[in-house]
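Reckoned from all heavy atoms, side chains included, excluding hydrogens, waters and symmetry mates. Nothing fancy with the numbering, it's 1 onward along the sequence. We count ligands from 1, going down the list as the structure has it; atoms in each ligand are counted the same way.
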Amino acid sequence: MKAIIIGAGIGGLCTSIALRKIGLQTVVYDKRAELDLGGAGLGIGANAVRALQLLGAGDQLFQVGKTMRSVQIKSERGKLLSDTKTAPISRKFGADNVNIDRAKLLDVLLSAAGPDHRIQANKRCVRFEQSACGIKVWFADGTSEEGDILIAADGIHSVIRQTLLPQTKPRYAGYTCWRSVVPVDWSRLNYDPDVFTETWGRNGRFGLVPLASGHIYWFACLNAKKADPRLAQFTAKDLAKQFGHYHEPIPQLLENSCSGLLLHHDILFLPPLRRFTFGRVVLLGDAAHATTPNMGQGAGQAIEDAIILAGHIRHSPSIETALERYSKQRVKRTAAITKMSNLVGKIAQLNLPAAIALRNALMPATGKLVTRQLDYLYHIDLDGLLK
Ligand SMILES: Cc1cc2nc3c(=O)[nH]c(=O)nc-3n(C[C@H](O)[C@H](O)[C@H](O)COP(=O)(O)OP(=O)(O)OC[C@H]3O[C@@H](n4cnc5c(N)ncnc54)[C@H](O)[C@@H]3O)c2cc1C
């Protein structure tokens, strides 16, 4: 059986690896001239780390990624609001969370894929047709390809999803985000390199995500109107005006950040869909369930999709049953995560002083809630699916 995969992002690459592991032929197409997973860093949850281990990418992931000792939430003055230790999580779920530079994750995935994978850049999918016998896909350069199933891993603005569900549009979450990765000298920065921190303040949210080999990934989120052209021009200096009074090392990092390396995006999500499969066409990753980044699970869910799709194809009596099972299982879990993530975003982005004071006072008592949330996120049984 041959799968045509549109999109060589995290979802598309992981799906190609997973499907090949169960004996399918795959070919991956991407519209970009060069492969690229986007910039900045990424937090990979324990669930997705286990999935990457099943894809054969575990050893390299730990070589180039960084595990954390704890995940903290602080107020803008630096008061500790919550502190989740990672060791009990790793023991319970059999994997650590890992932070990684996206460029390095691409190397990890390409190396797990091996040299035989067919991945073609500069191929923009423009349309497809399906029949009882198969799928045909056309590209902007006039070429076409035929196969048995089509995997739409073409991201939040998926053309394939737009063809199937023209009414479904990504929604703006109400906040906009800047990201950057900067080199740091840990001996001079007043910050523990084994701790991931989010600082929730009146002006917005600031995240500090240590990476391996002397780098830190930071992100800053501000409540804002959608597509504000003024914010698109923001430099690190402008961000320093918003976050300059936050605790160290935030002002210090913004001072040392070069504006040219800032990435800026409005935060979007996809309202949960009712199904992810349409005949021989499968929606996967952000094309199916783009979520806000507040739980660090967007890529994680794309990686889970890859294993679970391959697992159902491997263990179902027919391809139709396999795709039905994939859709049913993934719709439920990803919808729950999208809702949870939206709620966390709303709480983190509160900007009324009274609401912030109440939230901060309640935060230390939320330990049990956080543990329940993590249980849901990280507890997923993937073992044996690819065998
Ligand atoms: C600010 C921010 C922070 C985030 N942080 C995290 C995090 O810490 N942890 C986490 O797990 N997730 C995080 N995410 C989410 C994560 O980045 C995405 O969920 C993940 O990258 C989705 O992967 P994907 O392969 O589904 O889609 P994409 O990465 O969007 O890949 C889609 C690919 O399809 C290609 N493509 C699109 N259209 C076509 C076409 N017509 N023809 C051919 N190719 C096409 C594109 O070029 C692209 O390469 C974050 C997202 C944002 C915005």
Side-chain angles (χ1 to χ4, degrees), residues 4-16 27-49 51-52 65 71 97-102 105-106 109 119-128 137-141 145 150-163 170 172-173 175-180 196 198 205 207 209 211 217-221 262-270 276 282-306 334 337-338 341 345 377:
I4 301 175
I5 301 172
I6 303 299
I10 297 168
L13 291 175
C14 289
T15 304
S16 183
V27 51
V28 187
Y29 292 105
D30 202 286
K31 67 180 180 184
R32 298 188 200 213
E34 283 184 25
L35 293 187
D36 175 8
L37 295 183
L42 194 72
I44 305 181
N47 53 322
V49 168
L52 286 170
V71 176
N97 291 359
V98 173
N99 302 333
I100 191 168
D101 192 311
R102 286 183 188 239
L105 181 59
L106 177 63
L109 294 180
I119 304 171
Q120 294 193 23
N122 249 328
K123 285 279 192 183
R124 177 191 290 272
C125 168
V126 287
R127 86 186 165 91
F128 68 91
V137 176
W138 284 265
F139 298 95
D141 61 6
E145 173 83 47
L150 170 63
I151 315 290
D154 51 345
I156 187 167
H157 302 292
S158 166
V159 286
I160 299 171
R161 189 195 64 241
Q162 284 176 42
T163 309
Y172 179 48
Y175 38 95
T176 194
C177 181
W178 291 263
R179 290 177 284 168
S180 191
F196 172 117
E198 275 204 17
R205 188 167 23 146
V209 190
L211 300 176
Y217 156 48
W218 62 255
F219 58 87
C221 296
L262 284 191
L263 285 176
H264 173 238
H265 291 100
D266 277 355
I267 297 298
L268 306 175
F269 68 97
L270 206 59
F276 292 165
V282 178
L283 303 181
L284 184 141
D286 275 11
H289 48 67
T291 171
T292 50
N294 307 308
M295 316 285 297
Q297 279 289 326
Q301 290 308 302
I303 301 167
E304 278 186 12
D305 284 350
T334 55
I337 290 173
T338 297
S341 186
L377 289 181

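- Near Gly285, with a cut-off below 4.0 Å to any heavy atom, the atoms of ligand 1 are 26 (O).
- Residues Arg161 and Leu283 approach most closely at CG-CD1, 3.8 Å, considering heavy atoms.
- Ranking the protein heavy atoms by distance from atom 31 (O) of ligand 1 puts Gly9 CA, 3.7 Å first.
- By the 4.0 Å heavy-atom criterion, His265 is excluded from the residues contacting ligand 1.
- Put simply, part of Arg102 is less than 4.0 Å from ligand 1, judged by heavy atoms.
- For Gly11 against Ala302, the heavy-atom pair with the smallest separation is CA-CB, 3.9 Å.
- Taking only nitrogen or oxygen atoms, main chain and side chain alike, Gly300 reaches within less than 3.5 Å of ligand 1.
- Counting heavy atoms closer than 4.0 Å to ligand 1, residue Ala40 contributes nothing at all.
- Taken to the nearest 0.5 Å, the SG atom of Cys14 stands 10.0 Å off from the CD1 atom of Ile5.
- Polar contact with ligand 1: present for Gly296 (N/O pair, distance under 3.5 Å).
- Of all the atoms in ligand 1, the ones that sit under 4.0 Å from a non-hydrogen atom of Gly155 are 27 (O), 30 (O), 32 (C).
- Where the criterion is an N or O separation shorter than 3.5 Å, residue side chain and backbone included, Asp36 fails it with respect to ligand 1.
- Taking CD of Glu34 as the reference point, atom CG of Asn122 lies at 9.5 Å (rounded to 0.5 Å).
- Looking at Ile151 and Ile4, their side chains never come closer than 4.5 Å, going by heavy atoms from C-beta outward.
- Here's the thing with Ile10: one of its N/O atoms is less than 3.5 angstrom from an N/O atom of ligand 1.
- Contact of the Val282 side chain with the Phe276 side chain is not registered, since no non-hydrogen atoms from C-beta on lie closer than 4.5 Å.
- When Asp286, Asn294, Ile303, Leu13 are checked for heavy-atom proximity to atom 19 (O) of ligand 1, Asp286 turns out nearest.
- Remark: Arg205 is positioned above the aromatic ring of Tyr175, its terminal NZ or CZ atom under 6.0 angstrom from the ring centre and at most 45 degrees off the axis.
- Every atom of ligand 1 is numbered from 1 in the order shown, and the set under 4.0 Å from a heavy atom of Arg124 is 41 (N), 42 (N).
- Annotation: Ala299 places an N or O atom under 3.5 Å from an N or O atom of ligand 1; distance criterion only.
- Atom 40 (C) of ligand 1 has its closest protein heavy atom at Cys125 N, 3.7 Å.
- Leu42 CD1, 3.4 Å is the protein heavy atom nearest to atom 6 (C) of ligand 1.
- Residue contact check: Val159 has heavy atoms under 4.0 Å from atoms 41 (N) of ligand 1.
- Classification of the His264-Trp178 ring pair by plane angle, with boundaries at 30° and 60°, yields parallel.
- Checked by atom type, the side-chain pair Asp30/Gln120 shows no donor-acceptor distance below 3.5 Å.
- Residues Ile100 and Leu211 are not in side-chain contact: their nearest non-hydrogen atoms beyond the backbone lie 4.5 Å or more apart.
- The ligand atoms of ligand 1 that sit less than 4.0 angstrom from a heavy atom of Gly11 are 24 (P), 25 (O).
- Less than 4.0 angstrom separates some heavy atom of Lys123 from each of these atoms of ligand 1: 42 (N), 43 (C).
- Residue-level proximity to ligand 1 for Arg179 is carried by the side chain, the only part with a heavy atom below 4.0 angstrom.
- Proximity of Pro293 to Ile267: side-chain heavy atoms (C-beta onward) are separated by under 4.5 Å at one or more points.
- Atom 47 (O) of ligand 1 has its closest protein heavy atom at Asp30 OD1, 2.7 Å.
- For Leu35 against Leu106, the heavy-atom pair with the smallest separation is O-CD2, 3.7 Å.
- Atom 34 (O) of ligand 1 has its closest protein heavy atom at Gly7 CA, 3.2 Å.
- Of the protein's heavy atoms, Lys31 N, 3.0 Å lies nearest to atom 44 (N) of ligand 1.
- Set against the non-hydrogen atoms of Gly298, the atoms of ligand 1 under 4.0 Å away are 10 (C), 11 (O), 12 (N), 15 (C), 19 (O).
- Two residues are said to be in side-chain contact when any heavy atoms from C-beta on lie closer than 4.5 Å; Asp305 and Thr15 fail this criterion.
- Among protein heavy atoms, atom 37 (C) of ligand 1 sits closest to Asp154 O, 3.3 Å.
- Applying the 4.0 Å criterion to heavy atoms of Gly43 picks out, from ligand 1, the atoms 7 (C), 8 (O), 9 (N), 10 (C), 11 (O).
- Looking only at side-chain heavy atoms (C-beta outward), Ile6 and Phe128 stay at 4.5 Å or farther from each other.
- Nearest protein heavy-atom neighbour of atom 3 (C) of ligand 1: Pro293 CB, 3.5 Å.
- Ionic pairing of Asp141 and Lys123 is present here: one or more N-O contacts between side-chain nitrogen and carboxylate oxygen are shorter than 4.0 angstrom.
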